[in-house]
Amino acid sequence: MSYLVNRLLSMMLTLFLISVITFTVTNILPGDVAMMIMGTQSNPEALAGLRQSLGLNDPLIVQYGRWIGGMLTGDWGNSLVFKEPIAPLLLQKMKASALIVLFSMSIALVCAVPLGVWAAVHANRWQDTAASSASLVGVSLPDFFWGIMLILLFARGLGWLPSSGFIDPADDIWGAMRHALLPSLALGLGLMAHLTRMTRATMTGILNQEFIRVARAKGLDEGTVVWRYGLANAVGPVMTVAGLQVGYLFGSIIVIESLFNFTGMGWLTYQALLNRDIPLIQASVFVIAAVVMLANLIVDLLYVAVDPRIRLS
Amino acid sequence: MPDGNTPLVSVEGLRVEFASDGGTIVGVENVSFSVAPGETVCIVGESGSGKSVTSLSLMRLVEFGGGTIAEGRLRFAGQGGEIDLAQADPETMRGIRGNEIGMIFQEPMTSLNPVFTIERQMTDGLRAHRGLSGAQARQRALELLQEVRIPEPERRLKQYPHELSGGMRQRVVIAMAMACRPRLLIADEPTTALDVTIQAEILALIDRLKRENGMAVLFITHDMAVVAQMADRVVVMYRGNLVEEGPVGRIFAAPQEEYTRALLAAVPRLGDMRGKPGPEPLRLVGADAPDSVQAAVPPGDPEPLLQVLHLTTRYPVKGGLFRRTVANVHAVEDVSFDIAKGETLALVGESGCGKSSCGRSILRLAEPTSGQVLLDRTDVLALNERDLRRKVWRDIQMVFQDPFASLNPYMRLAAQVAEPLSNFGIAKGSEIEDRIAALFDRVELPRSFMRRFPHELSGGQRQRVAIARALAVSPKLIVADEAVSALDVSVQAQVLNLMMELQSTLGISYLFISHDMAVVERVSHRVGVMYLGRLVEIGSRAQIFENPRHPYTHSLLSAVPIADPARRTVRDDLKFRPIPSPVFPVGHEPAPSVYDEVEPGHLVLRQQAS
């Protein structure tokens, strides 16, 4: 329990530092919120008045205090572009992104783990070379390349799946899945390649361990030796890498969601950056950071469940 | 064939090949021997002799390591009649492995799956072979744990491997191998990774199980002392070939082959040095005139080179959010000794006793908590970093256990030996080259090796390079931390002889840190025994080995296997106390060490009421 408290405390500390950095950086950036609101042609006096009323003339530390106070009490302000409160907007977009992040992670894990194990079992033979070469191609190419290829093949060419848009699963689960599949695949292919290589490397090491030889010497069949004795030891390391990739995925969705016109966090952040919607940028960065940290905390807690050697202290 | 019994196993003309990029490598060739029911056969040999390959072939596990059985028959008198294991299909082999032939391996720390409970690992073999239900298998696992005398068996079943000590884990591995009452137990170096007292317990356990179950044992080892204690018959292997085979008494008393004689000559035997005045090189067969190596001069200078007074070293245990010190490991606790010029002081003890920490503390590689270290009357602990480097690290050099890990794999050997010379500004330019050549001569390595890389050398040759590097700055003291422990016996003997020869010609002192009592008896003038961070007994070699006074010294000496089949000491009633934890809360101050001088120069730690 004290472990969890420690972890949450250190997470708070990290979030505080992130909030300071985001706030400072967005304030150093060129661009003026008042001018963004009123337009470049506006009356200088009206602009000055708006600045005064928005508190933009206050010292930075006072502005930060006001902002973080609002973040903590749930008043996240209004988006300049979308003209609506930020908190419900972010929540809605986060749900959309969670759909493709979880979907792509599942696709990647379901394919990568068996493929990696298979490559490790046949280490240094043609099966291994084939799997390793394919995953090297996978990690080398950027996500948007896969996105474009998938659109060309499944949307334009075969016409099986829609190439853009987002549907809320609450409204139409089948439609939601159809719309989420291509962006998830585009995100998942690179991830899958990465996790395949990781699984292969981990399993190769494990299969050379003495306890694997002992398991064989007990007369257990090869399936049990590899898929139970071996894989149980690989779950932790593979999971950790997968958890770290959540951060990478939240970077990738900015490009992929824009490519598929999938209106999630990535798309929203892109719009915010494009239009210098500073309150929205600050809140998005903060939320993404929190989600990524939470994902890693969950992975660390799961690690304890799969590896009895790790104790929470 | 002894007693005219039908053999349980007979290996006939075995040849195992490994495929590699450079073509086929022969692992073992033309090996034939047999094991009768209830008999213990030891296969002995140095690294690369093919002893493990032979045992893995019997289990057909060699194939998982890339080997193939190219020729020969492996006849096994199983329950279903005699079969040739070399020709058996995978299904048949699975039925034999763990059922009719059990196997245990060297590393108890890695032999058990870290993420499964002991119960799961003990029962899955039983369920596979015997079709037992979960409850039946659990009952049998409990019986097995009792049979190998593990305390609190019920609790152990629920535990994970990391919660058990090394000795306990090896007992679990043995219990697992015994699960289906195999007719043959293959033990591949089962005690090599264990401390000597644990080794004695495990050897006794294997011996008892063998007697109680009428099981045959094929025991693979590099240790002639273990062979002498365990074997009925011995198979000697060298470079993939069988050299000699015979009853254990005959092999030790009258070895027929040159290699066996050389191997036996290289083994230091506990008790060999009785009545000798000082260290003495081993007489190696085939080596050039061992008599030319003079016995090291006994120390004459009364002024000690190194004085260690009340040395204490503690390592902090960090914890919590701010990584505060929550406890201390008391690695070295109030230790005092001195070393004279040209003298070898050995520190012996089991893993975790603080002997290595003690050596590192003298050099301040581990910063001591308190105490005094005087090198030629200079207080080492008072020096600043610059003087420590210039003075102490020049006069004291270290040689470590693993010669491969202590050499840089990317640097040529000449450059590595040259490093101390240029670091200390001892030599420049072409003079360096000459010095290195002389050092290579000194440690009996060909000068052509100067251009080589570490991976091109054997273990013994690498350790010679490490010694040459230590000698480069003409040190007064060399701290040798388990410097010969990783070497094969014949190589170990050569390196020990070299060290003794260097001492007699250069007058170097050694702090010889080792767990091997027989080696220590051979090389040292004086011996200190460490236990739980304390020096429990110190005295001359003869005082410690011939008149041990502290109970721990007694139990350590009684656990050492003796390389003489006529003096079998393997007993079943052995029960050594496990070493308690040296971790104490912050602020704990143990009582100072108080010694009784039982005879001149022989100090014994007074037992404390704790």
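Reminder, nothing fancy here: chain letters follow the sequence lines and each chain counts from 1.
Contacts between B:E91 and chain A at a heavy-atom distance below 4.5 Å are absent for every atom of the residue. Interface remark: B:F105 contributes backbone and side-chain atoms alike to the contact with chain A (heavy atom separation under 4.5 Å).
Between B:N113 and the options A:N233, A:V214, A:I206, A:I212, a side chain to side chain contact (heavy atoms under 4.5 Å, CB included) holds for only A:N233.
The most heavy-atom pairs under 4.5 Å with chain A, out of B:Q106, B:M59, B:H129, B:E163, come from B:H129. Heavy-atom pairs under 4.5 Å with chain A peak, among B:I104, B:L112, B:I96, at B:L112. If you tally non-hydrogen atom pairs under 4.5 Å between each of B:L126, B:D124, B:N99 and chain A, the highest count goes to B:D124. If you tally non-hydrogen atom pairs under 4.5 Å between each of A:N208, A:V235, A:L220, A:D307 and chain B, the highest count goes to A:L220.
Listed here is the closest heavy atom pair of B:P114 and A:P308: O-CG, 3.4 Å.
From B:R120, atom CZ reaches atom OH of A:Y229 across 6.5 Å, with rounding to the nearest 0.5 Å. To the nearest 0.5 Å, atoms CZ (A:R213) and CG (B:L56) are separated by 5.0 Å. Atom CZ in A:R216 sits 10.5 Å away from atom CD in B:E63 (nearest 0.5 Å). Atom-to-atom distance recorded for A:R309:CZ and B:H162:NE2 is 8.0 Å, nearest 0.5 angstrom.
Atom CD1 of A:I61 is surrounded by 12 or fewer heavy atoms from other residues, nucleotides or ligands within 6.0 Å. Other residues, nucleotides and ligands contribute more than 12 heavy atoms inside 6.0 Å of the CZ atom of B:R140.
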Inset, instruction - Please assess A:V225 against B:F64 for the test side-chain contact (heavy atoms from CB on, under 4.5 Å), listing each intermediate value before the final yes or no. - result: CA-CA 12 Å; A:V225 170; B:F64 294 97; over 6 Å; no
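Although no hydrogens or angles enter the test, the distance criterion places no donor-acceptor pair under 3.5 Å between the side chain of A:K218 and the main chain of B:A128.
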